[in-house]
Q: 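Here you go, one structure.
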Protein chains: 2
Amino acid sequence: MTDRRRTILEGAARVIARRGVRGLRVSEVAAEAGVSTALVYYHFKDRPGILRHALAFIGDRADRYTSAAQEPTAAGPEDPRERLERMLLLEFQDLPEVRENSTAWGELRAHSVFDPELREELATAGAAWAAEVAELLTVACPGAPGPAAGAAAERLTALLEGLSVRWLSGLVRQAHARELLRAAVRLEVDRLAATIT
Amino acid sequence: MTDRRRTILEGAARVIARRGVRGLRVSEVAAEAGVSTALVYYHFKDRPGILRHALAFIGDRADRYTSAAQEPTAAGPEDPRERLERMLLLEFQDLPEVRENSTAWGELRAHSVFDPELREELATAGAAWAAEVAELLTVACPGAPGPAAGAAAERLTALLEGLSVRWLSGLVRQAHARELLRAAVRLEVDRLAATIT
DNA sequence: GTCTATAAAGCGATAGAC
DNA sequence: GTCTATCGCTTTATAGAC
């Protein structure tokens, strides 16, 4: 990808974070990137094209920071439950990049209620994420039945998104959202552990 | 409120459920209600005015059907936990009115990320709802500490909204969403009960 | 109160010069 | 590749008759 394209997509990501997917105006993306609207069309054909590339761009960045969380830390061996908590809590950070990602993801979800075309992509990404969480849950609770871990993962990811929108709209403070999510992880892990013994 | 105003707001509720808050067109509201666009402006001043009244209208309807669930059933005395489950599960019904309400509520939430003006109203309604859930939780678990019940209520309402958007966009079936929510209620109630003994 | 007709503005998209 | 200028459609909002 050329630098110009990247610059425009970065601008688009900021605009999505500020106005939402539905509030995105091509002229605002151009202004944000410091180029003319014609150039945006030249590189991305039309508004859906801009949106498609911007969302892919944002998704790539998200993969980068969530998979980084999977790596073992320098601090030595870590409790699997702590690793799961750390991974999920990555969504609640006050970094511009993370806010942009969370905002875009929430918009995608909300928009999918009215736009069936988005659902397939959303279902794939969501299933992959839930599977990752379920995997970490079974590592934390070896021997836990697969369906139980799957259901727990679905609840945790749905809860995370419910909390995410509250955080992004300023209805709960970041620390509180993190605390609620952490408590939910412990609840689910304890419950899974209890099904074994 | 006059009949005409009510007719227009009912139309607006259907349009919001079909197109979303951002997708609402005044002309479509008018067509849905079977009146001219000018009449819509006459009664509600401008687009934000239509939106404001429509969302209040929808909120009132939601109050009506959720508070109805609080009443004792003819079937006799009911477990408090079951009453809580029943109340929360009301959000997952395939009735047009319920879908409209859930959709509009989800839209309100999603939109509030970008529109600070919506937050106050949302905070009030959300707090009242969470308080109701917390109250039922303490009835189910007498002696449970207030803050613990409050946190459980926040998790349950956030989870419900996370599941709601998945249901409305067809990513999970209704029965599955209900099952996940019911399991979460039991998890939270059991946990609260354990803090006492 | 309700309508038809239209003004005014916003926005996606393109033409054509450089 | 990049810009300025503009076209054309959509949508909000109002004027004025009834």
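Below, read A as the first sequence line, B as the second, and so on, with proteins coming before strands; counting in each chain starts at 1.
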Q: Figure out the NE2/C1' separation between B/His43 and C/dC3, and round it to whole Å.
A: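 Going from B/His43 (NE2) to C/dC3 (C1'), I get 12 Å.
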Q: Taking side-chain hydrogen bond (donor to acceptor under 3.5 Å, both in side chains) as the test, write out the residues that go with A/Glu161, two or more places apart.
A: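 Result, side-chain hydrogen bond (donor to acceptor under 3.5 Å, both in side chains) vs A/Glu161: A/Trp105, A/Arg109, B/Arg166.
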Q: How long is the line joining CG of B/Leu51 and C1' of D/dT12, in whole Å?
A: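 Between C1' of D/dT12 and CG of B/Leu51: 13 Å.
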Q: Atom CZ of A/Arg22 and atom P of C/dG12: how far apart are they, to the nearest Å?
A: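 So the two atoms are 15 Å apart, to the nearest Å.
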Q: Which nucleotide in the set D/dA13, C/dA13, C/dT14 lies at the smallest distance from any side-chain heavy atom of B/Tyr41?
A: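 Shortest atom-to-atom distance from the side chain points to D/dA13.
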Q: Tell me: CZ of A/Arg19 to C1' of C/dC11, nearest whole Å?
A: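 Whole-Å distance recorded here is 15 Å.
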Q: Please tell me if B/Arg25 has a side-chain N or O lying less than 4.0 Å from either OP1 or OP2 of D/dT10.
A: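 No, no such contact exists.
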Q: Could you work out which one of D/dG1, C/dT4, C/dG1 sits closest to the side chain of B/Ser36?
A: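 Selected nucleotide: C/dT4.
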Q: Does one side chain, of A/Glu91 or A/Ser164, offer a donor that lies under 3.5 Å from an acceptor on the other?
A: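 Distance-only check fails for A/Glu91 and A/Ser164.
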Q: Looking at B/Arg22 and B/Glu107, is there a salt bridge between them, counting it only when a charged N and a carboxylate O are closer than 4.0 Å?
A: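 Between B/Arg22 and B/Glu107 there is no salt bridge, as every charged N stays at least 4.0 Å from the carboxylate O atoms.
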Q: Does the ring of B/Trp167 carry B/Arg178 above it, NZ/CZ under 6.0 angstrom from centre and within 45° of its axis?
A: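 B/Arg178 over B/Trp167 ring: no.
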Q: Of the nucleotides C/dG12, D/dA13, C/dG1, which has the atom closest to the B/Thr37 side chain?
A: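 Looking only at heavy atoms from C-beta outward on B/Thr37, the closest nucleotide is D/dA13.
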Q: Starting at atom CD of A/Glu28, determine the distance to atom C1' of C/dG10, rounded to an integer number of angstrom.
A: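 Answer to the nearest Å: 13 Å.
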Q: Quick one: label B/Leu24 by what it contacts on the DNA or RNA (base, sugar-phosphate, nothing), any heavy atom closer than 4.0 Å.
A: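 Answer is sugar-phosphate: B/Leu24 comes under 4.0 Å of backbone atoms only.
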Q: In this structure, how many angstroms lie between the P atom of C/dG12 and the OH atom of A/Tyr42, rounded?
A: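 Atom OH in A/Tyr42 sits about 21 Å away from atom P in C/dG12.
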Q: Calculate the interatomic distance between A/Arg4 atom CZ and D/dC3 atom C1'; express it in whole Å.
A: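 Going from CZ in A/Arg4 over to C1' in D/dC3 covers 11 Å.
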Q: Nearest whole Å is fine: how far is D/dT10 P from A/Arg47 CZ?
A: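 Between P of D/dT10 and CZ of A/Arg47: 16 Å.
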